[in-house]
Amino acid sequence: MTKIQVMLGLAAVALAGGLVLALNAPIDALQGEFSRIMHLHVPASWLAFLAFGVTAVASIMWRIRRTRAWDRRAAASAEIGVLFTALSLATGSLWGGAVWGTYWDWADPRIATTALMFFVYLGYLALRSASPDAESAAARSSILGIIAVVQVPLVYFSVNMFRSLHQGQSIRPDGATMPGGMLVAMLVNVGVFTLVYFALLAARTDVMRQEEAARALEPAAGEAVRPPRFDEVPDV
Amino acid sequence: MSFWGQVIEFARRDLVAERRTGEVVAIVMPFGAVALMTLPFALTIDSALLSRVGPAMFWVVSLLFAMQIALRHSAADRPEHRAMLSLLGIDPFARLIGRAASSSLLVGLFMAVMFPLMVVFYSPDLPPGWPSALLPAALAALGLSLVGTLAAEVTAGLSGRTMLAPLIVAPLAIPLLVGGSQALESLPDNGGILPWTLLVAATDLALAVAGAVVARPLEEAAR
Amino acid sequence: MSFWGQVIEFARRDLVAERRTGEVVAIVMPFGAVALMTLPFALTIDSALLSRVGPAMFWVVSLLFAMQIALRHSAADRPEHRAMLSLLGIDPFARLIGRAASSSLLVGLFMAVMFPLMVVFYSPDLPPGWPSALLPAALAALGLSLVGTLAAEVTAGLSGRTMLAPLIVAPLAIPLLVGGSQALESLPDNGGILPWTLLVAATDLALAVAGAVVARPLEEAAR
Amino acid sequence: MAIARLDDISLTIGSVPILRRVELELSEGERLGIAGPNGVGKTTLLMVLASLLPPTGGQGSVLGAALGTPDVLAIRPSIGLSGHDPALYDQLTLAENLDHVARLAGVASGAVDVVLDQVGLAEAADRKAAACSEGMRRRTDLARLLLIRPRLVLLDEAHAGLDADARIIVDEIGRRAVADGGAVVTVTHDADALRSQADRVVTMTGGMVRS
Amino acid sequence: MAIARLDDISLTIGSVPILRRVELELSEGERLGIAGPNGVGKTTLLMVLASLLPPTGGQGSVLGAALGTPDVLAIRPSIGLSGHDPALYDQLTLAENLDHVARLAGVASGAVDVVLDQVGLAEAADRKAAACSEGMRRRTDLARLLLIRPRLVLLDEAHAGLDADARIIVDEIGRRAVADGGAVVTVTHDADALRSQADRVVTMTGGMVRS
Ligand code: HEM
Ligand SMILES: Nc1ncnc2c1ncn2[C@@H]1O[C@H](COP(=O)(O)OP(=O)(O)OP(=O)(O)O)[C@@H](O)[C@H]1O
Ligand SMILES: Nc1ncnc2c1ncn2[C@@H]1O[C@H](COP(=O)(O)OP(=O)(O)OP(=O)(O)O)[C@@H](O)[C@H]1O
Ligand SMILES: [Mg+2]
Ligand SMILES: [Mg+2]
């Protein structure tokens, strides 16, 4: 087994453990069973932030070092970030439907800003795939990867800046606002998701590296062109 | 190659290019979603108002983006392509239908993704039995693609002709919009959907006939 | 050539090309009018509702079409143009500002035509003193052009860029949209317009700064 | 039978006269070269011969069809044109580009690999056209003519951008058309190419053709 | 002083190697010719010499500036490149196109009429670039190099599409650069042009340069 397979295996086991913990953690008196969504929603949201942060850092590193490895990290992290953002939006929306009575509310700035952030990173991925080659993809997307990350604090603090349905951060310097068992379960799940994130990141960058390595073994581009030959190649 | 063989080949070629570039799926669709989000941002947040205009906004976005899909870069022919195709003896109407077919697929897909998004973003009051408005919606997707493809044909070639594009798009697209959106609105009164469906279908047919008539002259002119 | 000399030269060149092709006046504007008209057609005629959404719709259409204006064909550089300009030692920020200047003019013109059309189609209840919302509107036109020009640079030479570009810069335009539309809404309460005008102006400034920072890396990237 | 005959043909675009009183005859098996300075109307004349630009004055026929009439639709598939710019779709690979042509022309699709090999691009077959060099694109454009084997071949600067080895592609296309009882018209500024590719050379001046 | 020096330069585009271990030296007053088969990397090499494509490996300097560093910004205005496709804006006239260049390069705008006359396009000056023949467009692209008089001239198939008379434009551009103490690099498949335009010819094979 490779290191990456071990990591993926561990992540899967941890995910199962986190799920068991979430199903046995205390629940919110008002929300009932629905409050368990938190153990999915909150870690997914946080890891999305981390992923986009890593994309930004890797983009900066690419601009300094210009090595393929940093570009692969930036791209892979953005892909995983989009995945987690989608999860956050989906779970958040389900949760909202259950406890606020609405799946979507424009009055909530965090929902609006998260949705925008989601599409911007979809655009980041589209920009990469629209680029003619990896070099050009890296050069363009590194700029976007650095700029787009300003959305992360915007999304995070949006709950504080405007009135909203979303409650403020639960973990604050002045102490937590939820029952201890619940908080522990949630924090454990954040840890689990962090493991999942790094496992996915390692796996994805490795796949990208292998794809590129396969191409680098090809002969120089020009060697694919040969003199024309009509005698050797019979007509159909 | 037979007429329908040509139609299929053009549709296939466009879809291969789309798979290669992901222009519609990876680019047009996310932007369509962002476009749907702009109105709520521009409006003072007023959810009653939003739920009233949601379906109409869905149609506005469908129209605008159907044009973008039909006119998309990967389906555009340069003069040397047009010369080559003419010399292959292609029936320009087959090309038009093939193009419109591939665009319809993509426009249909686009609308299929935008509709649930619109429902989430605007929470409109959908009348019971709204799924039966699917048929007029699908017909409208076909019609919008035909309009866009016709516009693309007209705009190909001489730059002076481009003025014509919006002028033909507007009158041709309005019946589709009215039919598509009224089909939904009329659902509560029983049987009200049929006339609107017929309106959309008749427009589609008229567009196809118009295409058959103008395809050849347009091809000869676009050089 | 001095920085401002370059700016002026790029703006001039774009406007000459626009006069030649009439792309904005003859194509984008009619399409914009069609887009404005679709909502009234798609909505069951309900004038109270229409007059409520009119201004928001004006901003949505302005946003979407400002992107198209900035990305217009006649202002697009092919790879050989970019190589030539790089070798002339052009400051890419000067090109960006020149481009944004010519686009602002055209976007301003577009909005100046769309606004009365919106008033006709939607008969909104404009608060007294609405002309004072002109300043934030003009600033928003400038900002939208900057956003669009930035987007055009990021996606230079890519296929599907007319949709890709607005997608990735859309959030940058949202403050302009909110500021521009809220300026009008806030008019009834005295002095309410100022904060929104400042929001738009601050966004413009931030965009210009962003442009100055990324212009050079973008130039090197777009090859 | 004459492959093409132009009789007092003239062509005006807008109000600018481009071709004036052009007389030309092309017989079966002939390899005609057209020379002339830049901007004299050589490309335009080829477009007329391809039946793609109807003349605004005079009479002409190509492969038996009168120019400017719907008769040309029937004979177009027998005409092959390679112009200044290769007719390739940038997002498709070289093989996909030729495959599209093969399907539309009703040629067996196995032929695509053969012609790509013949022009020396077998190993680059799966490269996107946009990622190919100018000469590779031009070779692919010529491979298209090998694929459809037109009776009347019209070559506009087909030698430009080809390396020394690749020039035999043009010779081969001409050889085949002549062998099939067709004809070749070669427009080029390359004196060597004109010598090797043409039995008869005419020169254009002032929108007119001189023998 | 050497005008350009490439030392073990390699270039990979998206992990596909295009140039490998290229060694090249170009001294003042030199006229270098580059030959080689289609797709071997000649255009790519010119882009590297123009400082527009930073090499992914090796060291290089052009006009004293190290490639891949911001130093190249200062020397770019001394480099002139004419590529496969003329850098013209289709909607502008030929004169407007050159006028744009003249303003940006800080050349007196009277010079535009002079160079258009020199390349033989004085009477076509007010024609839109889109309505000009291929050769007229290429002449205009060369007129741009006459206008800005770069020290290092890079010509990619500059002879293609030019008629016999117009070939002296290329000679003249080369002559001026050499007279100014610069250098010319000519990429072409045209053996005659290579003979007349180059003092030294190198051949590329497999992404490498051979003398
Ligand atoms: C990436 C952006 C988001 C982040 C970082 C985020 C974060 C959080 C956090 C930290 C909580 C608080 C957990 C607690 O303290 O009880 C929370 C609760 C919640 N979030 Fe989100 N969220 C995001 C997006 C969304 C979205 C898009 C939705 C809805 C569509 C949503 C719906 C909810 C709901 C319904 C709750 C429970 C609120 C309550 O307990 O009253 N969230 N979110
Ligand atoms: N974006 C790209 N991705 C992958 N390969 C590329 C890309 N651009 C160019 N190539 C390859 O690089 C090689 C060199 O191309 P280049 O244009 O430099 O050739 P060239 O020597 O100028 O050929 P020609 O004589 O045909 O003009 C070609 O094989 C081409 O396929
Ligand atoms: N759309 C147009 N409007 C006006 N004039 C045009 C148009 N198209 C071409 N011309 C003119 O027609 C003339 C002939 O052009 P053509 O392309 O046939 O020349 P050519 O002989 O092929 O030249 P080259 O050797 O440069 O390729 C040119 O002078 C050109 O300016
Ligand atoms: Mg020509
Ligand atoms: Mg080349």
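In the text below, chain A, chain B and the rest are named by the order of the sequence lines, each starting its count at 1. Quantities reported herein were computed from a predicted structural model and do not represent experimental measurements.
With chain E as partner, the option from C/Arg20, C/His81, C/Met84, C/Glu80 having the largest number of non-hydrogen pairs under 4.5 angstrom is C/His81. Among C/Leu87, C/Ile90, C/Asp77, the residue making the largest number of heavy-atom pairs under 4.5 Å with chain E is C/Leu87. When each of E/Glu96, E/Arg103, E/Gln91 is checked for heavy-atom pairs under 4.5 Å with chain C, E/Arg103 comes out on top. Top candidate by heavy-atom pairs under 4.5 Å with chain C, chosen from E/Leu81, E/Asp99, E/Leu88, is E/Leu88.
E/Asn97 and E/Tyr89 make their closest contact through OD1-N, 2.8 Å (heavy atoms, listed as atom of the first residue, atom of the second, distance). The shortest heavy-atom contact between C/Ala35 and C/Val61 is CB-CG2, 4.3 Å. Closest of all the heavy-atom pairs between C/Ser103 and C/Ile69 is O-CG2, 4.3 Å.
For the residue pair E/His159/E/Arg167, the side-chain donor-acceptor check at 3.5 Å is not satisfied. A donor and an acceptor atom, one from each side chain of C/Glu219 and C/Ser86, are located under 3.5 Å apart. Between the side chains of E/Arg127 and E/Thr93, no donor-acceptor pair is found at a separation under 3.5 Å.
Residue contact with chain C, scored on non-hydrogen atoms closer than 4.5 Å, involves the backbone and the side chain of E/Leu104 alike. Interface remark: E/Pro70 contributes no atoms to any contact with chain C (heavy atom separation under 4.5 Å). When heavy atoms are compared at a cutoff of 4.5 Å, E/Asp141 does not approach chain C at all. With a 4.5 Å cut-off on non-hydrogen atoms, E/Ile75 does not touch chain C at all. Both the backbone and the side chain of C/Leu88 have a heavy atom closer than 4.5 Å to some heavy atom of chain E.
Aromatic rings from C/Phe115 and C/Phe58 are positioned such that their centres are separated by under 6.0 Å.
E/Asp85 and E/Arg138 are not joined by a salt bridge, as no carboxylate oxygen comes within less than 4.0 angstrom of a charged side-chain nitrogen.
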Apply side chain to side chain donor-acceptor pair (under 3.5 Å) to E/Gln197 and E/Thr188, showing your working.
CA-CA 10 Å; E/Gln197 269 286 106; E/Thr188 182; over 6 Å; no
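Contact annotation for residues 3-11 of chain C against chain E (heavy-atom separation below 4.5 Å, listed by residue number): C/Gln6, C/Glu9, C/Phe10.
Looking at residues two or more places apart in sequence or on another chain, you find a salt bridge (Lys or Arg N to Asp or Glu O under 4.0 Å) between C/Arg95 and C/Glu153.
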